[in-house]
Amino acid sequence: MAESVERLLQRVEELEQELARERSRRIAGDGHCGRTRIQKMSDEVVDSNPYSRLMALKRMGVVSDYEKIRTYAVAIVGVGGVGSVTAEMLTRCGIGKLLLFDYDKVELANMNRLFFQPYQAGMSKVQAAEHTLRSINPDVLFEVHNYNITTVEHFEHFMNRISNGGLEEGQPVDLVLSCVDNFEARMAINTCAPPLVVASNIDEKTLKREGVCAASLPTTMGVVAGILVQNVLKFLLKFGTVSFYLGYNAMQDFFPTMFMKPNPQCDDKNCRKQQEEYKKRAPAQPTQETAPQEEEEVVHEDNEWGIELVSEVSEEELKNSSGPVPTLPEGITVAYTVPKKREDSVSEVTVEDSGESLEDLMARMKKM
């Protein structure tokens, strides 16, 4: 009986995927897709080239080979507020393959988000996402799975697709993006990366309120998804500096960053095993050496405009305006000194008995 139910569920999933593909084909046939598949990216700067702006990163020297983006497969777990926008950004960037995992359906309450449309209410999020993303960029391959990865019957299949669902079947995906909002799903994705690291060991469940989502504002999900995809591109295309941990405090516009190291006393034996394997592989990996930068001497050469850099304050005036330098230990200097208070040599000027004219008095005051 259980085996029959499992076969029926698999068949339902196959039919749902086939229905989504048929809808995509119909949209393409109606001309809503906008273009056909492009076999090779071009850097030709014309309005009809969807990759001209992206390929310009190569001309500007930001990346060495942008077209390599099409050789990568990325899995996104959770196609909600952040995951859906992340999927759209990677699709527009021309990623090779996207694997989408989610079990929820689109609701009208999701219209505060940036991706889903009202007519998609009632559809599964992964099917609605594939429908939209395929129309944006038909060059990207999509694989969607409408199930909960935390359940026993689906976790094994989830791990199998992560290990074998790469751009070429049998190869692992290049990157897994956790865009979920619950502790159980994050633990299923990576049991050694808890979503909340605090000294008091607070359970994440105590921070969530019923009916409240951290990505309630479309601005929040847009910022978080943008930062996530930016680091994905830097990691895959090897440019810039990848932030291993970057937080976002929307109330103060504060972006804390830090480097998180693995815990050698982790309770998960698989984590400790992977740490040992990584230690063995690390020496064989090439290290990026940075040459020491020498400070260039500033040279002021003559120029055709006759511009010169001169100081408006003489050394004597600067010394007189500075306060006394305190005696400090060797190696310590002060950034500035407090100037002495100026004592006026003349506190009161009277002309009753001086016999001076006003002109003579003004001239004497100027000399003070």
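In what follows, residues are counted from 1 in the order of the sequence shown.
- The closest donor-acceptor contact from the side chain of Thr150 to the backbone of Ala185 lies at 3.5 Å or more, if one exists at all.
- Using a 4.5 Å heavy-atom threshold, the side chains of Gln275 and Pro264 count as touching.
- Under the 4.5 Å side-chain criterion, counting only non-hydrogen atoms from C-beta, Val85 is not in contact with Val229.
- To the nearest 0.5 Å, the span separating CD on Glu107 from CD on Gln120 amounts to 13.5 Å.
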Exercise. Mind running side-chain contact (heavy atoms from CB on, under 4.5 Å) on Phe158 and Val77 for me, showing each step along the way?
Key: CA-CA 10 Å; Phe158 165 70; Val77 185; 3.8 Å; yes

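- Side-chain atoms of Arg70 do not come within 3.5 Å of backbone N or O of Val140 as any donor-acceptor pair.
- Residues Ile69 and Ile38 share a hydrophobic cluster, clusters being chains of Ile/Leu/Val/Met/Phe/Trp/Tyr side chains in contact below 4.5 Å.
- In this view, Tyr248 and Phe255 satisfy the ring-ring contact (aromatic ring centres under 6.0 Å, His included) rule, not counting sequence neighbours.
- Side-chain atoms of Lys97 come within 3.5 Å of backbone atoms of Gly165 as a donor-acceptor pair (strictly under, hydrogens ignored).
- In the hydrophobic clustering of ILVMFWY residues, with side-chain heavy atoms under 4.5 Å counting as a link, Met55 and Leu57 come out together.
- Atoms OG and CG, from Ser124 and Asp104 in turn, are 9.5 Å apart once rounded to the nearest 0.5 Å.
- The shortest non-hydrogen separation linking Thr132 to Ser135 is O-OG, 2.6 Å.
- With sequence neighbours left out, Ser178 forms a side-chain hydrogen bond (donor to acceptor under 3.5 Å, both in side chains) with no residue at all.
- Criterion: ILVMFWY side-chain heavy atoms under 4.5 Å apart, direct or through other members. Under it, Leu90 and Val62 are part of a common hydrophobic cluster.
- From Glu88, atom CD reaches atom CG of Leu133 across 7.0 Å, with rounding to the nearest 0.5 Å.
- Pro218 and Leu114 get closest at one heavy-atom pair: CB-CD2, 3.5 Å.
- The 12-atom threshold is not exceeded at CD of Glu168, counting heavy atoms of other residues, nucleotides or ligands nearer than 6.0 Å.
- Put simply, Leu237 and Ile227 are part of the same group of oily side chains (I, L, V, M, F, W, Y) that touch within less than 4.5 Å, one to the next.
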Between Lys125 and Asn110, does the side-chain contact (heavy atoms from CB on, under 4.5 Å) criterion hold? Intermediate values first, please. CA-CA 10 Å; Lys125 287 184 177 179; Asn110 302 137; 4.0 Å; yes

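- Under 4.0 Å is where a charged nitrogen must lie from a carboxylate oxygen, and between Glu67 and Lys40 at least one such pair does.
- Residues that satisfy the side-chain hydrogen bond (donor to acceptor under 3.5 Å, both in side chains) test with Arg59, not counting sequence neighbours, are absent from this structure.
- Counted within 6.0 Å of CZ on Arg53, heavy atoms from surrounding residues, nucleotides or ligands total 12 or fewer; the atom is thus considered open.
- Residues Leu175 and Phe235 have side chains in contact (heavy-atom distance under 4.5 Å, counting atoms from C-beta outward).
- Under a 3.5 Å cut-off, the side chain of Gln171 and the backbone N or O of Asn164 do not form any donor-acceptor pair.
- To the nearest 0.5 Å, atoms OG1 (Thr241) and NZ (Lys234) are separated by 6.5 Å.
- Between His131 and Tyr119, the angle of the ring planes goes over 60°, which puts this pair in the perpendicular group of the 30/60° scheme.
- The stretch residues 44-95 participates, sequence neighbours left out, in no ring pair (Phe, Tyr, Trp, His ring centres under 6.0 Å) pair at all.
- Proximity of Leu99 to Val74: side-chain heavy atoms (C-beta onward) are nowhere separated by under 4.5 Å.
- Inter-residue side-chain proximity for Asn231 and Leu228 is flagged as unmet; no heavy-atom pair is nearer than 4.5 Å.
- Here the closest non-hydrogen pair linking Val82 and Cys179 is CG1-SG, 4.2 Å.
- Classified by interplanar angle (parallel below 30°, tilted 30° to 60°, perpendicular above 60°), the ring pair Tyr147/His154 is parallel.
- Within the 4.5 Å cutoff, side-chain heavy atoms of Phe239 are placed close to those of Leu233.
- Here the side chains of Val79 and Thr86 are not in contact, with every heavy-atom distance at 4.5 Å or above.
- For Arg272 (side chain) and Cys266 (main-chain N/O), a donor-acceptor pair under 3.5 Å exists by modelled atom type.
- Residues passing the ring-ring contact (aromatic ring centres under 6.0 Å, His included) test with Phe244 are Phe259, sequence neighbours excluded.
- Grouping the Ile, Leu, Val, Met, Phe, Trp and Tyr side chains by contacts below 4.5 angstrom, directly or via other members, places Val12 apart from Met123.
- Counting heavy atoms from C-beta outward, Asp139 and Arg134 have side chains that stay 4.5 Å or more apart.
- Within the model, atoms NE2 of His157 and CD1 of Ile162 stand 10.5 Å from one another, a figure rounded to the nearest 0.5 Å.
- In this structure a side-chain-to-backbone donor-acceptor pair under 3.5 Å is present from Asp174 to Ala73.
- For Asn137 against Phe142, the heavy-atom pair with the smallest separation is O-CE1, 4.1 Å.
- The structure places CZ of Phe116 at 13.0 Å from CG of Leu108, a figure rounded to the nearest 0.5 Å.
- At least one donor-acceptor pair under 3.5 Å links the side chain of Asn49 to the backbone N or O of Glu44.
- A distance-only check finds no donor-acceptor pair linking the side chain of Asp102 to the backbone of Val126 [under 3.5 Å].
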TODO: May I have the step-by-step check of side-chain contact (heavy atoms from CB on, under 4.5 Å) for Leu100 and His145, ending in yes or no?
DONE: CA-CA 6 Å; Leu100 307 178; His145 298 282; over 6 Å; no

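- Among residue pairs with one or both ends in residues 155-166, those qualifying as salt bridge (Lys or Arg N to Asp or Glu O under 4.0 Å) are Glu143-Arg161, Arg161-Glu169; sequence neighbours excluded.
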